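Worksheet: one structure, shown below.
Everything numeric here is computed off the predicted structure, so don't read it as measured data. Hydrogens, waters and symmetry mates play no part in the numbers below; they use all other heavy atoms, side chains included.
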Amino acid sequence: MVLLLRFVLLCGVADFTRSLSITTPDQMIEKAKGETAYLPCKFTVGSEDQGPLDIEWLLSPADNQKVDQVIILYSGDKIYDDYYQDLKGRVHFTSSDLQAGDASINVTNLQLSDIGTYQCKVKKAPGVANKKIQLTVLVKPSSTKCYIDGSEEIGSDFKLKCESKEGSLPLRYEWQKLSDSRKLPTSWLPEMTSPVITVKNASTEYSGTYSCTVQNRVGSDQCLLRLDVVPPSNRAGTIAGAVIGTLLALVLIGLIMFCCHKKRREEKYEKEVQHDIREDVPPPKSRTSTARSYIGSNHSSLGSMSPSNMEGYSKTQYNQVPSEDFERAPQSPTLPPAKVAAPNLSRMGAVPVMIPAQSKDGSIV
C-alpha cells in the first residue's frame, strides 16, 4: 500500500514538472558519399510551454578551426535554409508540420565536407532542449582492378593483386576461385583476405577465374581475373629475334640517310654549275665564219683598186689572218705556190678579182 502511494505521488510530480524535451537520443550515423542522411530530432512540449516555436540546426565541422554554422532555421512559421553555402539546397525538414513535434532533417548528396557534429535545438518558451548527432561520410570502394604482376609461366613466381581507386578505410578483401575451387592451393589460404596473393612455383592447376571483393562499412566492389599458367617461352629466340630486328632497322635507316645525303649533294652540284654559266656571254664564233669575214673585208677593199696599186699589198698582209682561222694544205718546198683563186664574190655583191701569185723573189706573176 505504501509502495502504491509512492508511485502515484511520483507520477503526479512528473506530470507537474513536465516541459519541452527531445526524445531522440544522441547517436552516430555513417553514410556513403552521394547518399542521403536522415538526422532525427523529435520533441514534446509541456503545458507551460506557451511561447513561439523556434527550431535551429547547427553544424560543428570536423575541422575544429571552423566555428559552428547555422544550416537551417524555423522561426515565426517560416523556414530559412540559406545560411550555410556548402549545404544550400541540400538540407530540408522531413515534416511539413513542425508544430507536431518532428524537427528531423535530410541532408542529400552527401560530401566529405559534410562530416561533423549536427546539433538540433528546440525552443518554446520557457522550454529549451538540444541533442547532438555525429555524422560520418564514407566512400564506397569503386573502380576495383585485378591484375597479375609477373610472368604466368610454369615454375615461375608472380603475384595476384587487387586494388580499389577509392574507398574509405578500413577495407576488407576476399578472394575466391570461381572454377575448380577444391584445387585451391593451401598456401594461399592465409592471403585470401589480403589485397595481394603471392604465387610460388606456379603450375597449370592454378589456372582459372578468380574474383576479389573489396568491402568497407558502407559498400563493396568486385573485380574478376583470368589466370592461365603456360609452359615457358623460348626467351633466347625471342631476344635474338629482337636484336636482329633492331640491327636490320638500323641498317635500313643508315641506307636511307646515305641516299638522301647523296641526292642533296648532286642537287647542290647542279645548282653550282648552272650558276657559273653567264647568260649574257654570246656563243663563240666558228673558225669558218671568222675567216670568211676577214677575207670578205679584204676583197672588198681590193675590188676598188687598180692593178697598178696592187703592189702596195705585200705578202705580210695575207699573213695577218690568224693561223687558227685557216687550215692550209701542206705545200712542197720545191714547187711554186699555186695561184689562189678568189672566192665567188658575185654572190656577195662584189666584182671578182684574181689574187696574183708571187714568185720566190717577190715579183708578181
Side-chain angles (χ1 to χ4, degrees), residues 4-140 168 217-218:
L4 180 60
L5 181 60
R6 289 180 179 179
F7 178 76
V8 172
L9 291 175
L10 290 174
C11 290
V13 172
D15 289 338
F16 180 77
T17 59
R18 178 182 170 185
S19 63
L20 188 149
S21 64
I22 296 176
T23 59
T24 302
D26 294 346
Q27 55 184 300
M28 296 181 63
I29 298 176
E30 289 183 346
K31 286 292 182 179
K33 178 183 177 182
E35 294 183 347
T36 297
Y38 169 69
L39 307 183
C41 182
K42 295 183 179 181
F43 63 92
T44 60
V45 295
S47 57
E48 72 275 14
D49 300 327
Q50 300 296 323
L53 178 64
D54 292 330
I55 300 174
E56 184 181 48
W57 277 91
L58 301 174
L59 169 61
S60 299
D63 187 357
N64 296 327
Q65 296 180 356
K66 296 181 179 179
V67 299
D68 294 353
Q69 299 286 338
V70 177
I71 60 175
I72 193 168
L73 176 67
Y74 173 80
S75 179
D77 295 333
K78 291 183 178 181
I79 297 174
Y80 304 91
D81 56 1
D82 57 352
Y83 284 96
Y84 189 46
Q85 189 66 29
D86 290 350
L87 283 173
K88 186 176 181 180
R90 296 194 293 119
V91 58
H92 313 280
F93 284 109
T94 59
S95 175
S96 58
D97 185 10
L98 299 179
Q99 297 286 348
D102 188 0
S104 304
I105 61 173
N106 282 332
V107 180
T108 63
N109 190 22
L110 289 173
Q111 304 297 319
L112 296 178
S113 59
D114 299 337
I115 298 175
T117 302
Y118 293 76
Q119 184 176 6
C120 175
K121 288 185 176 182
V122 180
K123 179 181 179 181
K124 191 173 177 64
V128 178
N130 65 83
K131 289 292 180 180
K132 293 182 178 180
I133 299 176
Q134 181 69 37
L135 175 63
T136 301
V137 180
L138 302 176
V139 179
K140 296 189 295 184
S168 298
R217 295 193 298 267
V218 293

To the nearest 0.5 angstrom, please state how far the [atom1] atom of [X] sits from the [atom2] atom of [Y].
| X | Y | atom1 | atom2 | result |
| --- | --- | --- | --- | --- |
| Glu56 | Cys120 | CD | SG | 9.5 Å |
| Leu39 | Asn106 | CG | CG | 7.5 Å |
| Ile133 | Ile105 | CD1 | CD1 | 7.5 Å |
| Leu53 | Leu98 | CG | CG | 7.0 Å |
| Ile71 | Trp57 | CD1 | CH2 | 7.0 Å |

Which heavy atom in [X] sits nearest to a heavy atom in [Y], and how many Å separate them?
| X | Y | result |
| --- | --- | --- |
| Asp114 | Leu110 | OD2-CA, 3.5 Å |
| Leu59 | Tyr84 | CD2-CE2, 3.8 Å |
| Tyr83 | Val70 | CB-O, 2.9 Å |

Passes side-chain contact (heavy atoms from CB on, under 4.5 Å), Cys41 versus Ile22? Steps please. CA-CA 7 Å; Cys41 182; Ile22 296 176; 4.1 Å; yes
Could you work out, with side chain to side chain donor-acceptor pair (under 3.5 Å) as the rule, every residue matching [X], not counting sequence neighbours?
| X | answer |
| --- | --- |
| Gln69 | none |
| Asp77 | Tyr74 |
| Tyr80 | none |
| Ser113 | none |

Is it the case that the side chain of [X] and the backbone of [Y] share a donor-acceptor pair, with hydrogens and angles ignored and the cut-off at 3.5 Å?
| X | Y | answer |
| --- | --- | --- |
| Asp49 | Leu20 | yes |
| Thr23 | Lys42 | yes |
| Thr94 | Ser104 | yes |

Hey, which of Ile55, Thr24, Asp102 is the one that makes side-chain contact (heavy atoms from CB on, under 4.5 Å) with Phe43? Ile55
For Asp81, all residues meeting side-chain contact (heavy atoms from CB on, under 4.5 Å), sequence neighbours excluded: Ile72
For Asn109, which residues count as a side-chain contact (heavy atoms from CB on, under 4.5 Å) partner, sequence neighbours excluded? Arg90, Gln111
List the atom pairs, donor and acceptor, that lie under 3.5 Å between side-chain atoms in residues 121-132 and the rest of the protein, sequence neighbours left out.
unit_1	atom_1	unit_2	atom_2	d
Lys124	NZ	Gly51	O	2.9
Asn130	OD1	Gln119	NE2	3.3

Contacts table for residues 28-37: side-chain donor-acceptor under 3.5 angstrom, sequence neighbours left out:
unit_1	atom_1	unit_2	atom_2	d
Glu30	OE1	Arg217	NE	2.8
Glu30	OE2	Arg217	NE	3.0
Glu30	OE2	Arg217	NH2	3.1
Glu35	OE1	Ala32	N	3.3

Do Ser75 and Asp54 have a side chain donor and acceptor closer than 3.5 Å? yes
Kindly state each residue pair satisfying disulfide bond (SG atoms under 2.5 Å apart) with at least one member in residues 69-98, sequence neighbours excluded. none
